[in-house]
Amino acid sequence: MNLDLSTTPISVLPGVGPQRLKTLALLGIETVHDLLEYYPFRYEDRNAQPGRELADGTRVTVRVTVDGMAGVKYKGRRNSTTIVPVVTEDYKRLHAVWFNQPYLKDQLIPGRKLTVTGKYDERRRSIAVATHDFVIAGETVHSDRIVPVYNVKADITPKMLRNLLSSAVKKYGDDVPERLPQGIRQRYKLIDRRHAMKEIHFPTNGDGLHQARRRLIFEEFFLFQLKLQAFRWLHRHEQPGVAHGVPDDILEQFCKRLPFAMTGAQRRVAEEVVRDMTQRVPMNRLIQGDVGSGKTVLAFLALYLAVASGHQGAIMVPTEILAEQHFRAATELLEPLGCRIGMLIGSQKDRERREALAKLASGEINVVIGTHALLEEGVQFQSLSVVVTDEQHRFGVEQRSIFRQKGHAPDVLFMSATPIPRTLAMSVFGDLDVSIVDELPAGRQPIQTFWVTPDKEERALRFVRNELVKGRQAYIVTPLVEESEKVEGVVNATDLYLMLKEWFAGYEVGLLHGKMRPAEKEEVMRKFTNNEIQLLVSTTVIEVGVNVPNATAMMVYNAERFGLAQLHQLRGRVGRGEHASSCILMSKPDSEAGQERMKAMVATQDGFVLAEKDLHLRGPGEFFGVRQSGIPEFKIGDLLQDAKIMAVARQEVQTLIATPDFWTLPSYQPLVEFLKSEKVLLQRAGD
Ligand code: ADP
Ligand code: MG
């Protein structure tokens, strides 16, 4: 019987007291399992070299014996140099040097054997040893081998973590359970998990490390795919969904109410949504469409279909500003069609909230628009048959799954304007049907994008003022909220607001940022929407979804501080109406990647092209961010570099899930257990 490492707290390991528990928790390490999966981010070859082979100016590791008394020289009060004569195993005489650690003197006893790592200086015949990089002979955790290097925080040092992992591997390495089915391990010649866990932290050699990585990356992707696909499978097979019964001409009816004709792309996707929703198998669809392509009406269509067949619909959005905006739009479009619309947001008064909850439970409200507040436990529906997640990349997998579970096998629609690069979409959203709205409404004019340096600020502002003179509105965005966050050379919204109020005298200037109270934010947004404010100074709170078609200019201060996806989203706030729009990016990037980003923004307006570019400039980890994506960050796998492994894992899981006895065969029990622990099986009838 194996110990369950995922419930064994790290306090069982030597040297882990209350203080260290806290810091380790910051790294996400609470159990032995967490610790073992805290993989090194790089390795250093610290196999000792013979003294005669040391190369000048390089980092070397060498075994030496202390060969005399250590001396400490002080330079001022703080700076000291500790020097000790040593001799290598092949009798080369050297000095080992430490800076600012006079207390080491006591450990440098003549005759003592050490392994030191540091920079070798041929002329001085010395090795400058970095802080913790020496060990007393006999300790093989930190030297005389390939050593792991971990990301650390606060008072945890790499050496400490290495020690901790060493004891964890020694003490619990044999309790690491296998999870991959044997057939798959054999087919791809994957080493077993126990072995892999030891090798990944303390590799015996380069090949051992390679095999361990291969095995663990496969496992990580395999389990990821298993989660996705099992969820999908259960969704399809165990619970019949709602086959929405609606009149044949419902789409015509809906379109008649719109103030515009749908684009061809909208029309195509609308038909897909109607088809999905009238079928019994629950819809599971992602709508991807660039900013401004008109995804909102498609969401409203889905909500309307639910109501038209006697059920309820809900849409979740990432910000209150967006919730308010959708609420207004839905009221205008859907209320005349018989929908009764409610709202659930965090800043609501208790009484309002209680009222909304009661009406949701009784079915009196049949369309609800909300933020994360929708996910709370008290939120219950009479008969929720469709859930829509707008700006889905802003929500995590768990949040989306809680949302879905508010209904009984509801139809599910995700919307995203952050295009997932085509190279990744298949592996990451392999379980979703994808619709692409690849056409902008007619009459949209391309957004002119300019990249200017900060010395052109006046000119840029004059350009913006010109738009206001023409009766248009404008956004000016900065990365910081206020003075207190001061970063050298970066403009903050509060100061800028004061400055621009004067500069734009005669126009109403508003300020919007995340630290304002929700009611204040809403008020400012309402005024901007009604053109009572002409110029809005804002942080990125306006980044997603905000729709004010009369706004035609966007100016971004310190544009180098934003990622490409973010800049693209910001730019998408303009160019939403009939007038020509512009976007001015003011920045002086000090890195090449920063300059590349600016050039890319000027060169194209295609979100897919930019996403692909961004992915390559930053790598998938940063590209998606943790909370920004809804795509989990992988601990060891890299979506780009290891794309082939992902494809294979996906294929294997597909076959596995289709195996008739997958859920019951004993050999697959570890996987089923895994799915249970990940709460994928929560919804299974009888579970
Ligand atoms: P996004 O896809 O970024 O969510 P929205 O749904 O907010 O875009 O739509 C952007 C703007 O375009 C809104 O003002 C919306 O009313 C308008 N719009 C949507 N579809 C059309 C269309 N077919 N013709 C004209 N305007 C449209
Ligand atoms: Mg939108």
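All values reported here derive from a predicted model rather than from experimental measurement. Nothing fancy with the numbering, it's 1 onward along the sequence.
Using modelled atom types and a 3.5 Å distance limit, the side chains of Ser293 and Asp290 yield no donor-acceptor pair. Ser435 and Gln288 are not linked by any side-chain donor-acceptor pair at a separation below 3.5 angstrom, with hydrogens and angles left out of the test. Side chains of Asp455 and Thr453: a donor on one and an acceptor on the other come within 3.5 Å. Residues Asn100 and Arg78 have side chains that never bring a donor and an acceptor to within less than 3.5 angstrom of each other.
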Stepwise, does the side chain to side chain contact (heavy atoms under 4.5 Å, CB included) test hold for Val524 with Ile533?
-> CA-CA 8 Å; Val524 171; Ile533 286 175; 4.0 Å; yes
Verdict with supporting geometry, Leu357 and Lys359, side chain to side chain contact (heavy atoms under 4.5 Å, CB included) | CA-CA 5 Å; Leu357 288 181; Lys359 287 183 175 172; over 6 Å; no
Given the rule in the side chain to side chain contact (heavy atoms under 4.5 Å, CB included) test, do Leu536 and Met525 qualify, once you have shown the distances and angles that lead to the verdict?
-> CA-CA 9 Å; Leu536 187 60; Met525 229 23 244; 4.2 Å; yes
Carefully, step by step, assess Val387 and Leu413 under the rule side chain to side chain contact (heavy atoms under 4.5 Å, CB included).
-> CA-CA 6 Å; Val387 299; Leu413 195 60; over 6 Å; no
Apply ring-ring contact (aromatic ring centres under 6.0 Å, His included) to Tyr150 and Phe41, showing your working.
-> CA-CA 6 Å; Tyr150 301 94; Phe41 77 98; 8.5 Å; no
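Expressed to the nearest 0.5 Å, how far OG of Ser538 lies from CD1 of Ile476 amounts to 11.0 Å. Taking CD1 of Ile341 as the start and CG of Leu303 as the end, the distance is 9.0 Å to the nearest 0.5 Å. In this structure, the separation between CG on Leu512 and OH on Tyr475 is 9.5 Å, given to the nearest 0.5 Å. Rounding to the nearest 0.5 Å gives a distance of 5.5 Å between CZ of Phe403 and CG of Leu374. For the atom pair Ile402 CD1 and Arg400 CZ, the distance stands at 12.0 Å (nearest 0.5 Å). With rounding to the nearest 0.5 angstrom, the CG atom of Asp390 is 12.5 Å from the OG1 atom of Thr371.
Counted within 6.0 Å of NZ on Lys635, heavy atoms from surrounding residues, nucleotides or ligands total more than 12; the atom is thus considered enclosed. Counting non-hydrogen atoms of neighbouring residues, nucleotides and ligands closer than 6.0 angstrom, the CZ atom of Arg20 reaches no more than 12 such neighbours. Other residues, nucleotides and ligands contribute more than 12 heavy atoms inside 6.0 Å of the CG atom of Asn530.
Both the sub-6.0 Å distance and the 45° axial angle are not jointly satisfied by Arg285 relative to the ring of Phe414.
Nearest heavy atom pair, residue Ile365 against residue Ala356, reads CD1-O, 4.0 Å. Of all non-hydrogen atoms in Leu161 and Asn151, the two that sit nearest each other are CD2-O, 3.8 Å. Residues Ala600 and Leu610 come closest through the heavy atom pair O-CD2, 3.7 Å. Closest of all the heavy-atom pairs between Pro454 and Met586 is CA-CG, 3.8 Å. Residues Lys406 and Glu376 approach most closely at NZ-O, 2.6 Å, considering heavy atoms. Gly292 approaches Arg576 most closely through the heavy-atom pair N-NH2, 3.3 Å.
Formation of a donor-acceptor pair under 3.5 Å by the Gln348 side chain with backbone atoms of Met343 is found in this model. The backbone N or O of Leu298 lies less than 3.5 Å from no partner atom in the side chain of Gln266, so there is not a single donor-acceptor pair. The closest donor-acceptor contact from the side chain of Trp451 to the backbone of Ser587 lies under 3.5 Å. Judged purely by atom type and a 3.5 angstrom limit, Glu320 uses its side chain to pair as donor or acceptor with the backbone of Ser347. Judged purely by atom type and a 3.5 angstrom limit, Gln605 uses its side chain to pair as donor or acceptor with the backbone of Ile447. Between the Glu391 side chain and the Val317 main chain, no donor and acceptor come within less than 3.5 Å of each other. With hydrogens and angles disregarded, no donor-acceptor distance shorter than 3.5 Å links the side chain of Asn547 to the backbone of Arg573. Side-chain atoms of Gln473 never come within 3.5 Å of backbone atoms of Leu535 as a donor-acceptor pair (strictly under, hydrogens ignored). For Thr389 (side chain) and Gln392 (main-chain N/O), no donor-acceptor pair under 3.5 Å exists by modelled atom type. Side chain of Asn550 to backbone of Gly471: a donor-acceptor contact under 3.5 angstrom is found.
Salt bridge present: Arg59 and Glu44 bring a charged side-chain N and a carboxylate O closer than 4.0 Å. Under the 4.0 Å criterion applied to side-chain N and carboxylate O atoms, Glu508 and Lys527 are not assigned as salt-bridge partners. Ionic pairing of Glu467 and Arg462 is not present here: no N-O contact between side-chain nitrogen and carboxylate oxygen is shorter than 4.0 angstrom. A salt bridge does not link Arg328 with Glu332: every distance from a Lys NZ or Arg NE/NH1/NH2 to an Asp or Glu carboxylate oxygen is 4.0 Å or more.
Contact of the Glu30 side chain with the Leu24 side chain is not registered, since no non-hydrogen atoms from C-beta on lie closer than 4.5 Å. For the pair Gln445/His579, no side-chain contact is recorded, criterion being any heavy-atom separation below 4.5 Å from C-beta on. Between Phe327 and Gln325, every side-chain heavy-atom pair lies at or beyond the 4.5 Å cut-off. For the pair Ile321 and Glu522, the minimum side-chain heavy-atom distance is 4.5 Å or more. Looking at heavy atoms from C-beta onward, Phe300 lies out of side-chain contact with Val388 at the 4.5 angstrom threshold. Looking at Leu461 and Leu500, their side chains come closer than 4.5 Å, going by heavy atoms from C-beta outward.
Taking the six-membered ring where the residue is Trp, His372 and Phe395 present tilted rings, their angle falling between 30° and 60°.
With sequence neighbours left out, Glu578 forms a salt bridge (Lys or Arg N to Asp or Glu O under 4.0 Å) with no residue at all.
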